[in-house]
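Residues: numbered from 1 along the sequence shown. Remember, it's 1-based here, ligands and their atoms both numbered in the order they're listed.
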Amino acid sequence: MNPDLDRLQPYPFEKLAQLKAGITPPGELEAITLAIGEPKHHPPKFVADELLSHLHGLATYPSTKGSLGLRKSITTWLIKRFQLPPASLDPEQNVLPVSGTREALFAFAQCVIDPQQQAYVLMPNPFYQIYEGAALMAGAQPYFLNTTEATGLAPDFDQVSSDVWDKCQLLYICTPGNPTGAVINNNTLQQLINLAERHDFIIASDECYSEIYFDEHQPPTGLLEAAAAMGNTDYRRCIAFHSLSKRSNLPGMRSGFVAGDAAIIQRFFQYRTYHGCAMPPYTQAASIKAWNDEVHVQHNRQYYQEKFRAVLDILSPVMDVGQPDAGFYLWPQTPVDDTVFSRELYARHNVTVLPGSYLSREVKGINPGRNHVRIALVAELDECIVAANRISSLCQAL
Ligand SMILES: Cc1ncc(COP(=O)(O)O)c(C=O)c1O
């Protein structure tokens with residue numbers, strides 16, 4: 001077996017299942033799960049209809065590159081959303097559909113890392129677990145950047161030495177972040193692009209939460225937007241990852257894309273022809289409909305805003321919690337150890353949240369996820385309110 005498999009940690013949800021094992025929560029309380037970032041809002045019906053009307057696609061092998069129609073709808077969306085110069089994005093060269101960003105974030109490291117060199121893959125800590133697994137399985141060393149209240153819940157890139165940047169082959173950023181919700185601003189993105197040029201690395205910007213935000217006039221900026229604004233209109237060293245899972249409540253459809261530097265996209269395309277996870281034709285057809293429509297995305301945002309307002313009204317008097325920059329997670333500090341808090345919440349109130357320390361590693365004596373929990377406001381409003389009241393009761397009892 002590949003010995004690197006032994007370096008993989010148990011996935012957070014396995015740890016969570018162990019934490020809950022043997023506990024019987026009060027049966028009279030309905031179970032509420034806010035642990036997984038799986039949107040429970042309804043998927044758009046017009047997307048489902050399109051999917052169904054393309055089931056004849058079952059009879060054909062899809063191409064890795066995807067249909068031109070899909071790539072065109074993706075480029076049109078990107079140009080509008082991030083105000084990119086229209087001529088800078090070519091559907092033939094700058095975008096590639098992927099079967100959800102999870103597989104793409106993983107596969108990307110396998111494609112771009114040269115394990116012959118001592119390779120670092122830099123990533124935030126806490127982080128979306130795929131980044132670490134991808135680095136390890138690519139034969140690289142994960143290098144964690146703590147995100148704490150002191151760093152504004154985003155990595156402090158100024159703390160990274162030039163020696164470390166030299167070894168960096170790939171930097172994963174997540175903006176808006178999972179779990180902290182922090183958005184990396186335009187200046188910082190541009191600094192990173194300059195660092196990538198100076199130290200010869202690639203930036204993979206995971207932007208799958210970019211469409212869940214609070215102010216309709218201030219959407220989170222993106223890596224390609226920052227690149228174009230500094231004149232890097234060929235997006236050198238920059239790749240952005242986007243998904244329909246959170247934007248359009250379609251996590252089961254497995255649809256996303258990567259976009260950016262044509263030379264990197266070309267090599268990733270070559271890799272993917274072997275990797276073999278082309279997007280099914282009916283998913284491609286349905287994805288075109290989803291990327292072409294913003295109305296359902298606005299409604300989705302409004303619903304999240306309503307839930308954040310209601311839940312924060314209940315939780316802010318009893319715990320250290322604030323509205324994130326964007327995304328659908330709360331990342332409160334817990335009055336006791338995060339695993340104890342999560343276990344007690346389940347045991348006494350039948351609510352499941354994710355201990356923050358399951359999403360992070362201890363670095364320099366600090367585990368930045370400790371004493372935090374991740375609460376995904378994915379359930380319906382009334383369920384989120386019930387859960388918030390139960391969390392409040394626990395905080396008051398502890
Ligand atoms: C930060 C982050 N990136 C990527 C993904 C993967 O999303 P998908 O594969 O559904 O596009 C998730 C899913 O939870 C996530 O939280």
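- Residue Thr101 has at least one heavy-atom neighbour below 4.0 Å for each of these atoms of ligand 1: 4 (C), 5 (C), 6 (C), 7 (O), 8 (P), 9 (O), 11 (O).
- Cluster membership for Tyr128 and Ile239, using ILVMFWY side-chain heavy atoms within less than 4.5 angstrom, is shared.
- Between Leu8 and Leu5, the closest side-chain pair of non-hydrogen atoms falls below 4.5 Å.
- With contacts defined as side-chain heavy-atom distances shorter than 4.5 Å, the pair Phe241/Glu207 does not qualify.
- Residues Gln159 and Leu145 are not in side-chain contact: their nearest non-hydrogen atoms beyond the backbone lie 4.5 Å or more apart.
- Close approach to Ser245 involves these atoms of ligand 1, each under 4.0 Å from a residue heavy atom: 8 (P), 10 (O), 11 (O).
- For Arg254, the closest heavy-atom approach to ligand 1 falls below 4.0 Å.
- Distances shorter than 4.0 angstrom occur between a heavy atom of Tyr209 and an atom of ligand 1.
- Cation-pi geometry between Lys20 and Tyr346 is met: the NZ or CZ atom falls under 6.0 Å from the ring centre, inside 45° of the normal.
- At a 4.0 Å heavy-atom cut-off, ligand 1 touches Asn178 through the side chain alone.
- For atom 4 (C) of ligand 1, the nearest non-hydrogen atom of the protein is Tyr128 CE2, 3.3 Å.
- Proximity annotation for atom 13 (C) of ligand 1: of Lys246, Arg102, Arg247, Lys246 comes nearest, heavy atoms only.
- The shortest heavy-atom distance from Ile36 to ligand 1 is not under 4.0 Å.
- Between Tyr303 and the options His41, His42, His296, a ring pair (Phe, Tyr, Trp, His ring centres under 6.0 Å) holds for only His41.
- Seen from the ring of Phe214, Arg301 does not count as a face-on cation partner, given the 6.0 Å and 45° thresholds.
- The shortest side-chain heavy-atom distance between Cys208 and His242 does not fall under the 4.5 Å cut-off.
- Of all atoms in ligand 1, numbered sequentially from 1 with element shown, those under 4.0 Å from a heavy atom of Gly100 are 9 (O), 11 (O).
- The protein heavy-atom contact nearest to atom 1 (C) of ligand 1 is Asp206 OD2, 3.2 Å.
- Judged by the 6.0 Å and 45° rule, Arg267 forms no cation-pi pair with Tyr271.
- At least one heavy atom of Cys174 sits less than 4.0 Å from an atom of ligand 1.
- Heavy atoms of Leu105 found under 4.0 angstrom from ligand 1 belong exclusively to the side chain.
- Residue contacts with ligand 1 include Cys208, since one of its heavy atoms falls under 4.0 Å from the ligand.
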